[in-house]
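Reading through the structure tokens given below for one structure.
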Amino acid sequence: MDIPAFPNYIDGNWVDRGPGFENRNPANTSDIVGRFAKGTARDIEDAACAAANALPGWANLNAPARGAILYKTADILDRRFEQVSADMTREEGKTLPEAKGEVRRTINIFRYFAGEGSRLDGLLVPSERDRVHTFAFRKPIGVVGLITPWNFPSAIPAWKLAPALICGNTVVLKPASAAPLSAWRIIEALHEAGLPKGVANFVAGSGGELGQALVQAAPLKAVSFTGSCQIGNRLHQEASKRRLRIQLEMGGKNPTVVLADADFNAAVENTVNAAFFSTGQKCTATSRAIVEDAIYDRFLEALVERTRKLKVGDGMQPGIDIGPCIDQAQMDTVLRYIEIGRSEAGAPKIGGHRRSGDGFDKGYFVEPTIFADVTQEMTIAREEIFGPVLAVMRARDFADAMRIANEVPFGLSASIQTTNLSRVFEFVYRMEAGLLTVNLPSAGVEYQLPFGGTKDSSFGPKEQGPAALDFYSDYKTVYLKY
Ligand code: NAP
């Protein structure tokens with residue numbers, strides 16, 4: 001069978017200069033999803049120049065007209081919903097229902113920000129001088145670089161592209177090498193929706209080379225990055241040298257606090273969902289369950305029993321709960337942390353191995369794994385693993401649970417399971433995280449609300465919802481004597 005080829009998109013042209021790289025299905029590595037053009041620093045420079053040339057035309061187009069193109073993009077993706085969802089499962093490994101949920105979110109994100117085209121607000125306030133009219137309005141910041149990870153290969157590019165474009169910026173998108181097709185599908189839809197040439201550019205290829213070229217590209221004014229802390233911090237240093245505006249969304253070590261008064265079965269369900277769905281490869285996934293002593297043993301047992309029922313396999317098959325890790329390197333990282341966990345906390349209560357035999361050998365499948373009696377100083381309680389591994393920790397009481405929950409450098413998401421309203425409010429005010437859930441899984445956010453963390457997890461303004469506009473626009477203030 002012919003392997004489909006996916007070129008880069010620069011200045012409205014499909015560009016493929018030279019050797020490419022393969023995108024393989026992590027559930028079955030003999031399935032090649034596509035061959036992508038491998039961009040170079042020159043492609044990034046060309047893309048940034050094209051974006052700079054396109055900027056005046058796009059920025060001066062009225063915002064509802066920009067919105068009309070985003071609405072059309074959403075409609076195109078909607079018509080291809082089944083195909084785009086299946087593509088995502090093949091390239092990323094998440095289950096088909098999860099992929100459909102993500103593609104639906106992408107479509108909603110485009111419609112939401114298309115609507116912002118008719119709402120983009122400013123400030124109109126009274127002056128303290130007579131016959132002076134004062135107002136401030138939003139203007140675009142210019143050419144923006146967008147760098148995205150593989151774990152939400154469609155929604156994250158969407159929640160950067162859509163607000164950037166509606167505000168009148170032009171962009172260069174560098175998607176994750178492990179899952180570039182889902183982002184490519186959005187670019188294809190933008191192209192077909194009539195986006196003027198140069199407004200959005202797509203360059204796939206090595207993050208090290210392209211990322212460096214992007215922060216050095218002369219026209220660039222801002223970078224929005226989602227990915228690991230290691231790369232994000234490096235990018236921050238580079239971007240600061242040029243005083244680029246920067247937004248970083250990075251790793252987490254998210255807790256779910258389970259109190260003795262919780263709705264027990266719902267708490268089990270929420271913890272398992274947050275820890276293992278999407279193979280634990282969500283930045284908002286729970287990796288620490290901090291359980292009050294009074295129910296610890298019973299909760300641990302129930303957690304293990306519920307986890308035993310999860311089905312691991314190819315996400316295209318019906319009934320599968322957990323797909324593969326994204327690639328060999330990520331699987332090796334997860335297995336290495338499992339060995340560290342074994343040496344720190346003893347044998348896991350469940351899981352702890354790569355799945356093999358029965359068609360599993362061609363994929364990167366790891367069993368959902370639970371370590372019990374994990375304590376704060378252990379590596380598996382402190383470092384992000386980004387896989388299906390849960391550390392269960394014992395807390396004396398609520399105060400102890402809060403201390404443990406906050407004692408990490410990360411602050412992305414956190415959850416509490418309790419029926420005590422006063423504890424809920426204490427948690428809401430004292431938990432050091434940007435995204436909080438109560439009696440829900442720690443993962444599972446909506447596009448119309450601000451998204452992002454605190455502490456080492458994030459830097460800069462929040463993404464999504466109305467907050468996204470603050471990163472992608474600047475105010476111009478006017479004092480007008482009449
Ligand atoms: P990653 O390795 O940091 O890569 C993210 C992106 O950066 C990719 O496009 C990558 O390109 C690129 N990149 C690599 N080296 C670079 C460099 N030197 N300069 C500029 N860009 C570079 O992260 P990942 O493995 O894709 O994603 C997993 C991480 O993302 C986890 O830590 C997770 O917590 C985090 N995440 C955070 C959020 C959030 O909102 N807080 C959401 C999702 C994921 P290549 O793919 O070509 O290497």
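Values reported hereafter were calculated over all heavy atoms of this structure, with side chains retained and with hydrogens, waters and symmetry mates removed. Computed from a predicted structure; not experimentally measured. Residues: numbered from 1 along the sequence shown. Remember, it's 1-based here, ligands and their atoms both numbered in the order they're listed.
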Under 4.0 angstrom from atom 4 (O) of ligand 1, is there any protein heavy atom?
-> no
Passing option when Thr106 is tested against Ser182, Ser154, Ser85 for side-chain hydrogen bond (donor to acceptor under 3.5 Å, both in side chains) |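 Per the side-chain hydrogen bond (donor to acceptor under 3.5 Å, both in side chains) rule, the option paired with Thr106 is Ser154, out of Ser182, Ser154, Ser85.
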Can you check whether Trp14 and Tyr9 have ring centres sitting under 6.0 Å from each other?
-> yes
Please check if the distance between the ring centroids of Trp150 and Phe386 is under 6.0 Å.
-> yes
Under 4.0 Å, heavy atoms only, figure out whether ligand 1 is touched by the backbone of [X], its side chain, both or neither.
X	value
Val215	neither
Phe451	side chain
Leu412	side chain

From Asn151, Leu146, Leu435 - option closest to atom 43 (C) of ligand 1 by heavy atom |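 Shortest heavy-atom distance from atom 43 (C) of ligand 1: Asn151.
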For [X] and ligand 1, does the shortest N/O to N/O distance drop below 3.5 Å?
X	result
Phe386	no
Gln212	no
Ser228	yes
Thr226	no

Do side-chain atoms of Thr369 reach the backbone of Gly351 as a donor and acceptor pair under 3.5 angstrom?
->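 Between the backbone of Gly351 and the side chain of Thr369 there is no qualifying donor-acceptor contact (under 3.5 Å).
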Gln417 and Asn270: side chain to side chain donor-acceptor pair (under 3.5 Å), yes or no, with the steps?
-> CA-CA 9 Å; Gln417 310 289 313; Asn270 289 338; 2.9 Å; yes
State if [X] counts as touching ligand 1 under the rule of any non-hydrogen atom under 4.0 Å.
X	answer
Ser206	yes
Gly208	yes
Trp150	yes

Do Arg105 and Phe152 meet the cation-pi criteria used here (NZ or CZ under 6.0 Å from the six-membered ring centre, within 45° of the axis)?
-> yes
Answer yes or no on whether Arg354 is positioned over the face of Phe360, meaning its NZ or CZ is under 6.0 Å from the six-membered ring centre and within 45° of the axis.
->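 Because its charged atom misses either the 6.0 Å distance or the 45° angle limit, Arg354 does not stack over Phe360.
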Can you pull out the closest protein heavy atom to atom 37 (C) of ligand 1? Residue, atom name and distance to 0.1 Å, please.
->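 Looking only at protein heavy atoms, the one closest to atom 37 (C) of ligand 1 is Met250 O, 3.1 Å.
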Atom 36 (N) of ligand 1: nearest protein contact (heavy atom, Å) =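 Of the protein heavy atoms, Cys283 CB, 3.6 Å lies nearest.
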